[in-house]
Amino acid sequence: MARHLITSALPYINGIKHLGNMVGSMLPADVYARYLRQRGHDVLYICATDEHGTPAELAAKEQGLPVDEFCAQAHDAQKAVYDGFELAFDYFGRSSSPQNREITQHFARRLNENGFIEERAIRQVYSPTDGRFLPDRYVEGTCPHCGYDKARGDQCENCTRVLDPTDLINPRSAISGSTELEVRETKHLFLLQSKLQHEVEEWVARHEEEWPQLASSIARKWLNEGLHDRAITRDLDWGVPVPADTWPELAAEGKVFYVWFDAPIEYIGATKEWSDKDPENRDWKSWWYESDQGENPVRYTEFMAKDNVPFHTVMFPATELGIREPWKKVDYVKAFNWLTYYGGKFSTSQKRGVFTDHALEILPADYWRYFLIANAPESDDSSFTWEHFTSTVNKDLADTLGNFVNRVLSFSKKRFGEEVPAGAEAGEPETKLGEEIAALLSEYETQMEALQFRKAAAALRALWSAGNSYLEEKAPWLEIKTNPDGAALTLRVAMNLIHLYSVISEPFIPASSKAMRSAFALPDDTATWVTAAEAKSLDFLPAGTPFTVPPVLFAKITDEDLEAYKERFGGAPE
């Protein structure tokens, strides 16, 4: 089978992420990885915390911690949340790892050798009080466009205008608050992306027809505007150091690489972290070095929200091309729009929106996993509202799936005992149902293969609904009064559907799928998938198989719950 490398946008280290971050990268990557594993593919899903840059230093300062200690604690806190969401990473690393430092410095040396890095003098804000040059985000002040008094030197959070530190009115140091700032000359390394413009254009042209329109249009926009040479170093205490053997003067000044230079390299670094845990059985280069892939090449898929697309479709490919080594480049970029909260932004400071740790405090992960993927912002932005969330949970999960499982197993236990009943031979209704299930399962597979998650969720929902329609048509609670064997057949077929659902629903709702599957004491139940042809028979769960009735899979959200959630997290904006 094919080898699939999967990565999702690296979550930044400064704080727990909200639901929009989850659905825009890590969750759909996990759903896809789970599906591919079930279909028998060799899958490596890699992610990591993005730990360098100004925000990490500022967040550590706010908490009164050394930045390395802050990052270690924040990494563990984020990983705990992702474990709670049952994200099945093969490895979840850290961009501050020795492996990422080693590979980042190698990339920089090779780019320099190939004439794609240049040392340039620039003018930058300096704080005599702090005794250091201030990176963009270390300068705060009033936005000249909207008057927001907490704008940063790179961008105004209020009006989103891109800024330069010298644009700010009444600028001050974010470290000390000092307003005694100067503009001095300093040297930095620049990646000469302008020299790689045509190579990147040719590479994008070979892939953009396959990519979603969102990804290809963003990449093309950046290319049409022209690639500009970009500074790839910063004056920070925390980051991958500029190697002294290549740039001794800058290394002596403590320069580190800009976070957007080393962060994409961490995909490779994290894979090496994974490999170094078991070097006898893992070969990181076979996933990333194309000349080491032999006759079994890797298909590389990335998942990210639209703000990350330029870095992964243009900037990082430019880096890889300039190295002149056969590093694997992305084949398919699955890009997402924004998930909003009642049409507005999630905001930590304003306590608006649902953050992933709080989500798990109130409901199990499967509620969130299903809702987010079923409403993924693929073609346009989508809005989270508690009303929509409640309706989806109650209708799809509690009524359509959960109620089907509970009433089939409870009724069968009550009337036929704790084993799957035999009953009559299958007839026309079962043949019709089998054909419908096979067609819907084929549609589900098609949409999963195409990474169309909302359509895949719709096909999965239709599969669950088909079971309910069959049950309503056969009405075993009436059938048993006149035809016990017919009622037993209906329940046996329905139980086969439950087992089928437990297998094919696993990418979306892994915990609930496990509960459904473990309800049956089926010997050698090792099948990872059920094909459309196999599903058509509806006869892979033999009569006589012992079963138990699991706890309620999904509890309904009440009106009281809904009001409590809105009060805690905020409802529609004023």
Side-chain angles (χ1 to χ4, degrees), residues 11-12 14-28 30-31 77-78 80-87 148 150 157-160 305-307 336-403 453-454 457-458 461 464 508-509 511-512 551-574:
Y12 199 68
N14 64 336
I16 300 299
K17 305 307 161 192
H18 57 66
L19 295 181
N21 299 127
M22 178 63 72
V23 74
S25 58
M26 290 174 285
L27 180 55
D30 176 73
V31 170
Q78 286 199 25
V81 172
Y82 305 145
D83 288 345
F85 268 85
E86 297 206 33
L87 301 184
Y148 181 62
K150 295 184 178 62
E157 185 184 47
N158 185 57
C159 70
T160 72
K306 57 187 175 184
D307 58 329
F336 291 87
N337 287 282
W338 303 126
L339 176 72
T340 64
Y341 187 79
Y342 285 91
K345 287 184 177 181
F346 287 81
S347 173
T348 306
S349 60
Q350 298 176 25
K351 297 182 179 178
R352 288 194 67 253
V354 188
F355 287 72
T356 49
D357 55 343
H358 298 148
L360 294 176
E361 289 175 8
I362 61 173
L363 289 168
D366 280 359
Y367 291 64
W368 302 104
R369 288 178 62 103
Y370 176 78
F371 173 82
L372 291 171
I373 294 297
N375 297 280
E378 291 177 298
S379 58
D380 50 24
D381 292 349
S382 61
S383 178
F384 177 93
T385 71
W386 283 108
E387 292 80 4
H388 187 202
F389 176 72
T390 298
S391 174
T392 300
V393 167
N394 290 350
K395 182 181 178 182
D396 293 359
L397 295 179
D399 287 345
T400 303
L401 178 60
N403 187 48
F453 291 102
R454 294 180 73 148
R461 186 189 310 120
W464 298 341
F508 281 71
I509 48 173
S512 304
V552 173
L553 292 179
F554 300 100
K556 280 196 170 185
I557 298 174
T558 66
D559 291 341
E560 291 76 14
D561 293 330
L562 173 61
E563 291 307 313
Y565 298 154
K566 290 170 67 176
E567 181 177 355
R568 176 177 175 182
F569 297 101
E574 297 294 333

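Side-chain polar atoms of Gln78 and Tyr12 form no donor-acceptor pair below 3.5 angstrom.
Scanning all heavy atoms of the two residues, the minimum distance from His388 to Asn375 falls at CE1-OD1, 2.9 Å. Across all their heavy atoms, Ala365 and Gly84 have their closest contact at CB-O, 3.2 Å. Nearest heavy-atom pair, Asn337 versus Glu378, reported as atom, atom and distance to 0.1 Å: ND2-O, 3.0 Å. Here the shortest heavy-atom pairing between Pro28 and Phe453 reads O-CZ, 3.5 Å. In plain terms, the two heavy atoms of Ser382 and Pro377 that are nearest each other are OG-CB, 3.5 Å. Nearest heavy atoms, Thr356 versus His18: CG2-O, 3.8 Å.
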Residue pair Asn21, Phe355: steps toward the side chain to side chain contact (heavy atoms under 4.5 Å, CB included) verdict: CA-CA 9 Å; Asn21 299 127; Phe355 287 72; 5.8 Å; no
Derivation of the side chain to side chain contact (heavy atoms under 4.5 Å, CB included) call for Phe346 and Lys17: CA-CA 10 Å; Phe346 287 81; Lys17 305 307 161 192; over 6 Å; no
Verdict with supporting geometry, Asp559 and Glu563, side chain to side chain contact (heavy atoms under 4.5 Å, CB included): CA-CA 6 Å; Asp559 291 341; Glu563 291 307 313; 5.7 Å; no
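Side chain of Arg454 to main chain of Ala376: a donor-acceptor pair is present (N/O by atom type, distance under 3.5 Å, no hydrogens or angles). With hydrogens and angles disregarded, a donor-acceptor distance shorter than 3.5 Å links the side chain of Ser383 to the backbone of Tyr342.
With values rounded to the nearest 0.5 angstrom, Asp30 atom CG is found 5.0 Å from Leu87 atom CG.
With ring centers used as reference points, Tyr370 lies under 6.0 Å from Trp464.
Residue Glu361 places its CD atom among more than 12 non-hydrogen atoms of other residues, nucleotides or ligands, all under 6.0 Å distant.
One finds a salt bridge joining Lys556 and Asp399 here, because a Lys/Arg side-chain nitrogen approaches an Asp/Glu carboxylate oxygen to under 4.0 Å.
Applying the ring-ring contact (aromatic ring centres under 6.0 Å, His included) rule to Phe389 yields the partners Trp368, Phe371, Phe384, Trp386; only residues at least two apart in sequence or on another chain are considered.
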